[in-house]
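Here's the structure we're looking at; comments come further down.
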Amino acid sequence: MLLVNATSLNNPLQMGISEAGFNILLLYHSLATLTGLVGNSLVLYGSIKYNSLSVDSVSIVLLESLAALDLTVVVFFMSSVWLSMIAKKWVLGTVGCWIY
């Protein structure tokens, strides 16, 4: 796992990767965040609003719980890394760093 602190985000070379590698990592986090938001939102919307899943109720509850948890991870964790990578500094302050 790549450990990042506030000073190493200012210079991607301090993290041990090139500028191109940093941009690829930023693109990966952007796509993962967007895919997670859209995909999990569609699963929750489709299963709650339209009952579009034709499986037993226990499986639906488990799938909805998994989608809700994954959506929470995307919103709170992946988006904070994504925003910090764009800003090239930690944007959530000391408390956000402690919680993260």
Side-chain angles (χ1 to χ4, degrees):
M1 180 175 179
L2 182 65
L3 297 177
V4 177
N5 61 26
T7 58
S8 65
L9 280 176
N10 293 330
N11 185 0
L13 295 176
Q14 290 178 351
M15 291 177 13
I17 59 174
S18 65
E19 187 71 32
F22 183 79
N23 290 334
I24 290 171
L25 191 60
L26 180 62
L27 178 65
Y28 167 75
H29 275 286
S30 300
L31 290 175
T33 302
L34 182 66
T35 304
L37 285 173
V38 172
N40 290 310
S41 297
L42 285 174
V43 167
L44 287 174
Y45 182 74
S47 66
I48 292 171
K49 175 99 172 150
Y50 296 110
N51 283 335
S52 60
L53 301 174
S54 58
V55 292
D56 60 311
S57 62
V58 174
S59 297
I60 291 174
V61 169
L62 290 173
L63 187 63
E64 289 172 349
S65 298
L66 181 63
L69 180 64
D70 194 31
L71 193 59
T72 304
V73 168
V74 168
V75 168
F76 289 109
F77 292 106
M78 290 185 71
S79 60
S80 64
V81 171
W82 182 74
L83 288 172
S84 295
M85 288 180 73
I86 288 176
K88 292 191 177 178
K89 65 177 185 174
W90 184 250
V91 294
L92 298 178
T94 305
V95 175
C97 185
W98 181 75
I99 292 171
Y100 187 77

What about [X] and [Y], same hydrophobic cluster or not, with Ile/Leu/Val/Met/Phe/Trp/Tyr joined at side-chain heavy-atom distances under 4.5 Å?
X     : Y     : value
Leu44 : Leu42 : no
Val74 : Leu92 : yes
Phe76 : Val91 : yes
Ile60 : Leu62 : no
Val43 : Val61 : no

Option from Val81, Leu31, Ile86 for which side chain to side chain contact (heavy atoms under 4.5 Å, CB included) with Leu26 holds: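 Of all the options given, the one that passes is Ile86.
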
I'd like to check Leu69 versus Ser65 (side-chain heavy atoms, cut-off strictly below 4.5 Å). Are they in contact?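 Leu69 does not reach Ser65 side chain to side chain.
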
Going by heavy atoms in the side chains, are Asn40 and Leu66 under 4.5 Å from each other? no

Output yes when a side-chain donor or acceptor of Ser80 lies under 3.5 Å from a complementary backbone atom of Phe77, and no otherwise. yes

Tell me which pairs pass side-chain hydrogen bond (donor to acceptor under 3.5 Å, both in side chains) where either residue lies in residues 21-38, with sequence neighbours left out. Ser30-Trp82

Closest non-hydrogen atom pair between Leu71 and Gly36, with its separation: CD1-O, 4.1 Å

Between Cys97 and Trp90, what is the shortest heavy-atom contact and its length? N-NE1, 3.4 Å

Quick one: list whatever passes side-chain hydrogen bond (donor to acceptor under 3.5 Å, both in side chains) with Ser59, sequence neighbours left out.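 Partners of Ser59 under the side-chain hydrogen bond (donor to acceptor under 3.5 Å, both in side chains) test: Asp56.
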
Can you list, by chain and residue number, the hydrophobic cluster partners of Ile24 when the side-chain cut-off is 4.5 Å?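 ILVMFWY cluster around Ile24 holds nothing else.
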
